[in-house]
There are 2 protein chains.
Amino acid sequence: MAKAARRKTEQLPEKTTRIQEINRRLILDAALEIFSTYGFRGTTIDQIADKAGMSKPNLLYYFPRKQNIYVTLLEETLAEWLSPLAEIDADGDPIEQLRKYITAKIKMSESHPEASRLFANEVLHGAPAIGEFLTKHLKPLVEEKAAIIRTWVGAGKLAPIDPFHLIFMIWATTQHYADFDVQVRAIMGSQVGRPGFREQTAQAVLTIILNGIRPRS
Amino acid sequence: MAKAARRKTEQLPEKTTRIQEINRRLILDAALEIFSTYGFRGTTIDQIADKAGMSKPNLLYYFPRKQNIYVTLLEETLAEWLSPLAEIDADGDPIEQLRKYITAKIKMSESHPEASRLFANEVLHGAPAIGEFLTKHLKPLVEEKAAIIRTWVGAGKLAPIDPFHLIFMIWATTQHYADFDVQVRAIMGSQVGRPGFREQTAQAVLTIILNGIRPRS
DNA sequence: CAAAAACTTGACTACTTGGTCAAAATGCAG
DNA sequence: CTGCATTTTGACCAAGTAGTCAAGTTTTTG
């Protein structure tokens, strides 16, 4: 995973054709499901090819290496995953901004749990494929938002809390429901599937965190 | 992982000898480090044998299947991992009890991050090896403690929060520092290694959660 | 200290799996 | 509708890996 091998000399045609677009999508969709369930090593190209409804060599025509699929998937996911954080607005009301952020993250955890798991798995294993992304893109973004939170704290609009830890706490709690889904289900049983569950979760998380950071008068 | 194969007929001697004790420990210690880093599929028996300083067939003399090592490790870990939860005392002061629990969990996350990661990886992949444990042992324990928290809420000693979600939030936040260590490091940099970091983390987590669940007068 | 039990390992097998290749099938521009 | 480019695949290969085995070495025990 660390060293990128580039053996193949053949290249896909310059212009992306209609068929390419369709098949790449088929492959990536199939791969997301499998990678997020079994991890990088636990996934075989055959599995992905099967799910995508094509032969293995055909799949390798579009993505010459297994790694390529995996990295493409992570890249595709990450941008979307981070966008709600980018939207935190220094000029908005602190509690309102954070409520919006937390709500958005819980929604994403429910609608794209595979993406969350793919990412969790990658980081859990030491982020061999996206380590660079973390320091080059995630870190500055978080620092920017941490600075905003710090001014809010300074202005007495939030209780005196460390912004990094607050952000980690939001990530941890919201993604928990996607990443540890099996555990949540094992404990809460049928409740998890029920209609209002997401709202109930959001309610609980928001209550605790927002009360936890509201300034004590 | 789903189907347990039992091919080997030979058995280890009934009585555990001194050498057995030493070597099983060596193997399990080596395996924890490797499994927690690379996952089940990503780990090879050779790697473990290497790290344990013995030949592969020798390792297989003690654990006839790779699975056996993995499952033993999970079992060993789980009991210890859950013990702080079991200690929550219905007759104690709610805030104090939860403070103690959270503190214990953060301490464990720092001292045994590999155990946390091993478990996280297993659950993330659908808990194929310990699914049964979750419903048979974890669920009742959590239900018991949830009932306690519920009486505390009923008595007005805590804000009206759902006990399950509170417990999940504690798990999520505390384990985050072990499971997502790479990410935490990428963002916070050198601070993570520094002496007081655990205390700072505990402080931040405790502040938010405990304020978040304290009853509003 | 000798025999039995426990432990250790080099060499091997069977199987999985990422990736190759050459040839066939299909799509498409003129 | 023809010829070139693109797409598809069966058959294959090499590497890696879980697990076996039989023969050796060490430890324990009577």
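Throughout, protein chains are lettered first and strands after them, A, B, ... in sequence-line order, and every chain is numbered starting at 1.
For residues 97-109 of chain A, every residue pair satisfying the salt bridge (Lys or Arg N to Asp or Glu O under 4.0 Å) rule, not counting sequence neighbours, is listed here: A:Glu96-A:Arg99. Judged as a salt bridge (Lys or Arg N to Asp or Glu O under 4.0 Å), the pairs with a partner in residues 174-191 of chain A (not counting sequence neighbours) are, in order, A:Asp181-A:Arg185. The salt bridge (Lys or Arg N to Asp or Glu O under 4.0 Å) pairs that include a residue from residues 186-201 of chain B are B:Glu110-B:Arg198, where partners are two or more places apart or lie in different chains. Sequence neighbours left out, the pairs with a member in residues 191-210 of chain A that pass ring pair (Phe, Tyr, Trp, His ring centres under 6.0 Å) are A:Phe197-B:His165. Residues in residues 35-47 of chain B take part in these salt bridge (Lys or Arg N to Asp or Glu O under 4.0 Å) pairs, two or more places apart or across chains: B:Asp46-B:Lys56.
For A:Thr17, the side-chain atoms get nearest to D:dT6 when compared with the rest of D:dT6, C:dC7, C:dT20.
Taking 4.0 angstrom as the limit, A:Tyr62 places a side-chain polar atom (N or O) nearer than this to OP1 or OP2 of D:dT8. One finds no side-chain N or O of B:Asn23 lying less than 4.0 angstrom from the OP1 or OP2 phosphate oxygen of C:dA6. In this model, the phosphate group of C:dC7 is approached by a side-chain N or O of B:Gln20 to a distance below 4.0 Å at OP1 or OP2. Side-chain nitrogen and oxygen atoms of A:Tyr61 include none within less than 4.0 Å of the OP1 or OP2 phosphate oxygen of D:dT8. Within the structure, every side-chain polar atom (N or O) of B:Asn58 is placed at least 4.0 Å from both OP1 and OP2 of C:dC7.
Spacing between atom CE of A:Met54 and atom P of D:dT6 amounts to 18 Å, rounded to whole angstrom units. Between the CG atom of A:Asn68 and the P atom of C:dG18 there is a distance of 13 Å, given to the nearest Å. When rounded to the nearest whole Å, the span between CD of A:Gln67 and P of C:dT17 equals 18 Å. Atom-to-atom, CG of A:Leu59 to P of D:dG10 comes out at 14 Å; the value is rounded to the nearest Å. Atom-to-atom, CD1 of A:Ile48 to P of C:dT16 comes out at 18 Å; the value is rounded to the nearest Å. A straight line from CD of A:Gln47 to C1' of C:dT16 spans 12 Å, rounded to a whole angstrom.
The CG atom of B:Leu74 sits 9.5 Å away from atom CG of B:Leu32, with the distance rounded to the nearest 0.5 Å. Here the straight-line distance linking atom CD1 of A:Ile213 with atom CD1 of A:Ile170 works out to 6.5 Å at 0.5 Å rounding. B:Ile48 CD1 to B:Tyr38 OH: the interatomic distance, rounded to the nearest 0.5 Å, is 12.0 Å. With rounding to the nearest 0.5 Å, the separation of CG in A:Leu166 from OG1 in B:Thr207 is 11.5 Å. Atom CD of B:Glu21 is separated from atom OG1 of B:Thr16 by 5.5 Å, given to the nearest 0.5 angstrom.
Residues that satisfy the side chain to side chain contact (heavy atoms under 4.5 Å, CB included) test with B:Met108, not counting sequence neighbours, are B:Trp81, B:Pro84. For A:Glu132, the salt bridge (Lys or Arg N to Asp or Glu O under 4.0 Å) partners at least two apart in sequence or on another chain are A:Lys136. Applying the salt bridge (Lys or Arg N to Asp or Glu O under 4.0 Å) criterion to A:Lys145, with sequence neighbours excluded, gives no partner residue.
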Quick one: which protein N/O atoms are closer than 3.5 Å to N/O atoms of nucleotides 22-24 of chain C? Pair and distance per line, please.
none

Could you pull out the protein-nucleic contacts involving nucleotides 12-18 of chain D (nitrogen or oxygen on both sides, under 3.5 Å)?
| unit_1 | atom_1 | unit_2 | atom_2 | d |
| --- | --- | --- | --- | --- |
| D:dA18 | OP1 | B:Thr43 | O | 3.3 |
| D:dA18 | OP1 | B:Lys66 | NZ | 3.1 |
| D:dA18 | OP2 | B:Ile45 | N | 2.9 |
| D:dA18 | N7 | B:Lys56 | NZ | 3.1 |

Taking N or O atoms only and anything under 3.5 Å, show me the protein contacts with nucleotides 28-30 of chain D, one pair per line.
| unit_1 | atom_1 | unit_2 | atom_2 | d |
| --- | --- | --- | --- | --- |
| D:dT28 | OP1 | B:Arg18 | NH2 | 3.1 |

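Direction of the helix axis in the helix from C:dC1-D:dG30 to C:dG30-D:dC1 shifts by 20° between the two five-pair termini, rounded to 10°.
Remark: of the listed residues A:Leu210, A:Thr103, A:Ile102, A:Ile102 is the sole one forming a side chain to side chain contact (heavy atoms under 4.5 Å, CB included) with A:Val205.
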